[in-house]
Amino acid sequence: SQHRHKDQATETEQEENEELPSPSATLTLPGSFKSAILDSTLTSHLSFFLPSTSTDINVLRSSVKLHPVFSTSAHGSSLTSFSHHVLTWQTATLLLLQGSLADSNGEELITLGAYIPQMWRTSTSASSSSSKNSDILPCLFQLYPKHLLLPGNPSLSAKKPNTPIAYFSPNTGIAIGCRIPAPSRTHQTYPTPHGAGSLIIDANIEIAEFHAASFGHDGVFLPAANTSLEDPPTNIKLDLHTLEIWGIIPDPESSFSADP
């Protein structure tokens, strides 16, 4: 009898262990797509710096959830589709992308991302600096193959209309932490890297350019804490495989709607 009880207890423990959800499953909500990027390892990396509902609670143990907003795998590589899904989202977002070096054979994947605490800016919208989340700082990061975290710049001097955190234009694409030039009547102008870090995605959502430097305190992002002034700048050009945007919902149960 004791042996039978012991076997049953062992089976119960095994079932409980098998039923434990992965960190990514715990953090993400069901929706129009499942992540092709997030796995348990990357989710654990994110949990170290993604803002939580409280400073002393890890995001994985908080009520914060990620709602699937846009994915090139599900919605295609169209800026029209991107704008339809992303620009109407009312809360903070998490951008994740995966690609391979433009001049490589495509075997090694590089994973980049950004936490964007405010609504996205467009080429015609006013500044969103008055957002209720404006006191929460953004961050730009590389998750794989190495970890690099560029924190948001708390200085008020960095918050300028021509250097928004996240910017969208149907003509030039997506820009994170860039300087946005004034429009020209004679030629197309493009966002340019600014400060210690920036991310640019072209209008076809095919190429991504990631810039990080150990200097530059006048932009949206500051240098990574583990860099020195002697470190050379990082400039990565990727063939983009997957782009995902996740909406951040602090408390889904108190949210009137998960959809924009």
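Separating the NE2 atom in His45 from the CZ atom in Phe141 is a distance of 11.5 Å, to the nearest 0.5 Å. Atom CD1 of Ile180 is separated from atom NE2 of His194 by 10.5 Å, given to the nearest 0.5 angstrom. Within the model, atoms CD of Gln118 and OG1 of Thr91 stand 12.5 Å from one another, a figure rounded to the nearest 0.5 Å. Between the CG atom of Leu109 and the CG atom of Asp239 there is a distance of 11.5 Å, given to the nearest 0.5 Å. Summarising the geometry, atom OG1 belonging to Thr93 is positioned 6.0 Å from atom CH2 belonging to Trp120; distances are rounded to the nearest 0.5 Å. A distance of 10.5 Å separates OG of Ser71 from CG of Leu96, quoted to the nearest 0.5 Å.
Leu143 places a side-chain heavy atom less than 4.5 Å from the side chain of Leu42. A 4.5 Å side-chain heavy-atom check between Thr111 and Leu97 finds every atom pair outside the cut-off. Side-chain contact between Ser32 and His75: present, with at least one pair of heavy atoms (C-beta onward) separated by less than 4.5 Å. At least one side-chain heavy atom of Phe210 sits less than 4.5 Å from a side-chain heavy atom of Leu140. Looking at Ile236 and Gln142, their side chains come closer than 4.5 Å, going by heavy atoms from C-beta outward. A 4.5 Å side-chain heavy-atom check between Leu94 and Leu46 finds at least one atom pair inside the cut-off. The shortest side-chain heavy-atom distance between Leu66 and Leu38 falls under the 4.5 Å cut-off. Counting heavy atoms from C-beta outward, Cys139 and Leu149 have side chains that approach closer than 4.5 Å.
The two atoms that bring Cys178 and Ser198 nearest to each other are SG-CB, 3.8 Å, heavy atoms only. Ile176 and Ala166 make their closest contact through CD1-CB, 3.8 Å (heavy atoms, listed as atom of the first residue, atom of the second, distance). When every heavy atom of Pro145 is checked against every heavy atom of Ile110, the shortest pair comes out as CD-CG1, 3.8 Å. Minimum heavy-atom separation, Ser100 to Ser104: CB-OG, 4.2 Å. In this structure, Ile248 and Tyr115 approach most closely via the heavy-atom pair CD1-CE1, 3.2 Å. Across all non-hydrogen atoms, the minimal contact from Pro151 to Ala224 is CD-CA, 4.4 Å.
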Let me see the working for Asn226 and Leu148 under side-chain contact (heavy atoms from CB on, under 4.5 Å), right down to the final yes or no. CA-CA 8 Å; Asn226 58 344; Leu148 184 68; 4.2 Å; yes

Full working for side-chain contact (heavy atoms from CB on, under 4.5 Å) between Thr234 and Lys146: CA-CA 12 Å; Thr234 298; Lys146 69 175 184 177; 4.3 Å; yes

Go through Asp39 and Thr43 one step at a time and tell me if the side-chain contact (heavy atoms from CB on, under 4.5 Å) criterion holds. CA-CA 6 Å; Asp39 58 20; Thr43 303; 5.6 Å; no

Assess the residue pair Ile200 and Asp202 against the criterion (side-chain contact (heavy atoms from CB on, under 4.5 Å)); give the C-alpha distance rounded to whole Å, side-chain angles, the decisive distance to 0.1 Å, and a yes or no. CA-CA 7 Å; Ile200 300 173; Asp202 75 326; over 6 Å; no

Candidate pair Glu244 and Ser35, rule side-chain hydrogen bond (donor to acceptor under 3.5 Å, both in side chains), full reasoning: CA-CA 8 Å; Glu244 296 178 355; Ser35 181; 2.7 Å; yes

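No side-chain N or O of His84 forms a donor-acceptor pair with one of Ser81 less than 3.5 Å apart. Side-chain atoms of Gln98 and Thr242 form no donor-acceptor pair, as typed in the model, at a separation below 3.5 Å. Using modelled atom types, one finds no donor on one side chain facing an acceptor on the other under 3.5 Å when comparing Gln188 with Thr172.
Taking the six-membered ring for Trp and thresholds of 30 and 60 degrees, His147 and Phe49 have ring planes inclined between 30 and 60 degrees apart. Relative ring orientation between His85 and Phe70 is described as tilted, the plane-to-plane angle lying within the 30° to 60° band.
Between the side chain of Asn153 and the backbone N or O of Ser155, at least one donor-acceptor pair lies under 3.5 Å.
Hydrophobic cluster membership is shared by Trp89 and Ile174, with clusters built from Ile, Leu, Val, Met, Phe, Trp and Tyr side chains linked at under 4.5 angstrom. A continuous path of Ile, Leu, Val, Met, Phe, Trp and Tyr side chains, each step under 4.5 Å between heavy atoms, connects Leu101 with Leu199, placing both in one hydrophobic cluster. At a threshold of 4.5 Å between side-chain heavy atoms, the hydrophobic network of Ile, Leu, Val, Met, Phe, Trp and Tyr places Leu240 and Phe82 in one connected group. Residue Leu238 is not grouped with residue Tyr190 when hydrophobic side chains (ILVMFWY) are merged at heavy-atom distances under 4.5 angstrom, including chains of intermediate members. Hydrophobic clustering, with ILVMFWY side chains joined whenever heavy atoms are under 4.5 angstrom apart, keeps Ile207 apart from Leu112.
Here ring pair (Phe, Tyr, Trp, His ring centres under 6.0 Å) pairs that include residues 214-248, with residues two or more places apart or in two chains, are Phe33-Trp246.
Taking Thr192 as the reference, Arg179 meet the side-chain contact (heavy atoms from CB on, under 4.5 Å) condition, with sequence neighbours excluded.
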